[in-house]
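Have a look at the structure below, then the notes.
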There are 2 protein chains.
Amino acid sequence: MAVRKHSRQRDALLNALADRTDHPSAETLYQELREVEPKISLGTVYRNLALLVENGEILKLTGGDDKSHYDGNIKPHDHFWCRSCGKLTDIFHEDFEMTFKNFNGRIESHQTLYTGICDECIKAE
Amino acid sequence: MAVRKHSRQRDALLNALADRTDHPSAETLYQELREVEPKISLGTVYRNLALLVENGEILKLTGGDDKSHYDGNIKPHDHFWCRSCGKLTDIFHEDFEMTFKNFNGRIESHQTLYTGICDECIKAE
DNA sequence: ACAAGAAACAGTAACGATTCCTATTATTGA
DNA sequence: TCAATAATAGGAATCGTTACTGTTTCTTGT
């Protein structure tokens, strides 16, 4: 894969992930993209999601349910998963310092998943 | 499933997860348990893992690779995944305070996944 | 503009982790 | 010891994801 070529489908995917705070799965993105790119295939969605993740243009989130979710916001932030409704929402925090003792690896990124019950579900209980 | 019955297999599973700091997958646990419970089935491993997680006796970890990993240590702590060797190691931290603004949900647990290169792999590079 | 080479594609088959199903076995309380 | 039923073994089914194949599209040099 020497030279990366431009692709309409990848543009549409990146565009579909911009300016939204939900965290769609590959299948959800596939369904949405079919409206603008009717012939797009699920394999193309997966391949381009992987390319964009590798490129640091989007984030892949795991945990909560069994599938991966994708985030167009690459600013470091955490996520909260409601085990009641399954919704995945953003949690931002500033001035966050962490200290490790006896840790000599190199941390390139971290991802925090909070689990519990969200605002709406508490009200609905 | 009104009354929970005792089971040799579930005991063996819980025992297999005690006092270890690696984070085996269901398949790994299955292979190990076959030595003490030769007739155990993979379905039994999965069902009991789910029961133990639901019961708060073990933790289910996701992220890193595509499978779930299980942790017998339920003391809150984070994990570090080396994307080079795939190893999942514990990261403990004390006096850890987090402040949330405008967050009204109820957090019952959180899980942090750090990604990067571990000690050993840095040396091996 | 054009043609060649390669990346990306659509469509579909294959894969692997997990869940579900069914007949059988083990645990429990009487 | 017996009846009720939770739990099991074994295997089929499911589902998210990846791999494969022949075709299309993008890029680059002419």
Side-chain angles (χ1 to χ4, degrees), chain A residues 1-17 22-55 57-71 81 83 86 88, chain B residues 1-17 22-55 57-71 81 83 86 88:
Chain A
M1 210 179 280
V3 177
R4 177 150 304 168
K5 288 189 182 174
H6 193 247
S7 111
R8 238 176 39 240
Q9 292 86 341
R10 187 155 59 242
D11 282 351
L13 185 52
L14 194 51
N15 194 54
L17 274 168
D22 63 336
H23 304 84
S25 64
E27 178 65 29
T28 299
L29 287 165
Y30 172 57
Q31 296 301 340
E32 291 181 12
L33 285 175
R34 288 172 61 127
E35 296 182 15
V36 62
E37 285 287 337
K39 299 210 54 137
I40 200 167
S41 77
L42 190 52
T44 294
V45 172
Y46 274 106
R47 183 166 23 76
N48 280 309
L49 284 170
L51 281 173
L52 291 170
V53 168
E54 190 189 331
N55 227 43
E57 299 184 67
I58 63 172
L59 294 176
K60 182 181 188 173
L61 313 177
T62 58
D65 61 12
D66 54 334
K67 29 181 187 271
S68 294
H69 293 258
Y70 297 88
D71 194 340
W81 178 69
R83 68 171 166 75
L88 199 56
Chain B
M1 208 180 279
V3 178
R4 178 149 308 170
K5 289 187 181 174
H6 193 248
S7 110
R8 238 175 40 243
Q9 292 86 338
R10 187 155 57 242
D11 283 352
L13 184 53
L14 194 51
N15 196 54
L17 274 169
D22 63 337
H23 305 84
S25 64
E27 177 67 30
T28 300
L29 286 165
Y30 172 58
Q31 295 301 341
E32 291 181 14
L33 285 175
R34 287 173 63 129
E35 296 182 16
V36 64
E37 285 287 339
K39 300 209 54 136
I40 200 168
S41 76
L42 189 52
T44 295
V45 173
Y46 275 105
R47 181 166 24 75
N48 279 309
L49 283 171
L51 281 172
L52 292 170
V53 168
E54 190 188 330
N55 227 42
E57 299 183 68
I58 63 172
L59 295 176
K60 182 181 188 173
L61 313 177
T62 57
D65 62 11
D66 54 333
K67 28 183 190 267
S68 294
H69 293 259
Y70 296 88
D71 194 340
W81 176 68
R83 70 171 164 77
L88 201 55

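Lettering of chains follows the sequences in order, A, B, ..., and the numbering in each one begins at 1.
Rounded to 10 degrees, the angle separating the terminal axes of the helix from dA1(C)-dT30(D) to dA30(C)-dT1(D) is 50°, with each axis obtained from five end pairs.
The side chain of Arg4(A) has dA8(C) as its nearest neighbour among dA8(C), dC9(C), dA9(D). Out of dG10(D), dG11(C), dT27(C), the shortest distance to the side chain of His6(B) is found at dT27(C). Distances were taken from every side-chain heavy atom of Ser41(B) (C-beta onward) to each of dA9(D), dA7(D), dG16(D); the shortest belongs to dA9(D).
When atom types are taken as modelled, the side chain of Asn15(A) and the backbone of Asp11(A) share no donor-acceptor pair closer than 3.5 angstrom. Using modelled atom types, one side-chain atom of Asp65(B) and one backbone atom of Lys67(B) make a donor-acceptor pair closer than 3.5 Å. Here the side chain of Asn48(A) pairs a donor or acceptor atom with the backbone of Thr44(A) at under 3.5 angstrom.
If you take CG of Asp66(B) and P of dC15(D), they are 18 Å apart, rounded to a whole angstrom. The CD1 atom of Ile40(A) sits 16 Å away from the P atom of dT12(C) (whole-angstrom rounding). Note: CD (Gln9(B)) to C1' (dT24(C)) measures 13 Å, nearest angstrom. For Leu52(A) and dA8(C), the CG to C1' distance is 13 Å, given to the nearest whole Å. The distance between atom CZ of Arg10(A) and atom P of dT25(D), rounded to the nearest whole Å, is 16 Å. Distance OH (Tyr30(B)) to P (dA17(C)): 13 Å, rounded to an integer number of Å. Atoms CD (Glu27(B)) and P (dC15(C)) sit 17 Å apart, rounded to a whole Å. For the pair Arg47(A) CZ and dA7(C) P, the computed distance is 12 Å after rounding to whole Å.
Put simply, Lys5(A) has no side-chain N or O that comes within less than 4.0 Å of OP1 or OP2 on dC9(C). Within the 4.0 Å cut-off from OP1 or OP2 of dT17(D), at least one side-chain nitrogen or oxygen of Tyr46(A) is found. Between Ser7(A) and dA8(C), a side-chain N or O to OP1/OP2 separation shorter than 4.0 Å is absent.
Among the atoms of the strands shown, base atoms are found under 4.0 Å from some heavy atom of Leu42(B). Using a 4.0 Å heavy-atom cutoff across all strands shown, Ser68(B) reaches sugar-phosphate atoms only and no base atom.
Remark: Ser7(A) OG to Arg47(A) CZ distance equals 7.5 Å, nearest 0.5 Å. The line from OH of Tyr70(A) to CG of Leu61(A) is 9.0 Å long, rounded to the nearest 0.5 Å. The NE2 atom of His23(B) sits 12.0 Å away from the CG atom of Leu29(B) when rounded to the nearest 0.5 Å. The NE2 atom of His69(A) lies 11.5 Å from the NZ atom of Lys60(A); values are rounded to the nearest 0.5 Å.
Nearest-nucleotide mapping onto DNA chain C: of Ala50(B) and Thr44(A), the residue sitting toward the 5' end is Thr44(A). Residues Lys39(B) and Gly43(A) both approach DNA chain D. Their nearest nucleotides, taken by heavy-atom distance, put Lys39(B) toward the 5′ side.
For Leu49(B) against Ala26(B), the heavy-atom pair with the smallest separation is CD1-CB, 3.8 Å.
The base of dT18(C) is not paired with the side chain of Lys67(B) by any donor and acceptor separated by under 3.5 Å.
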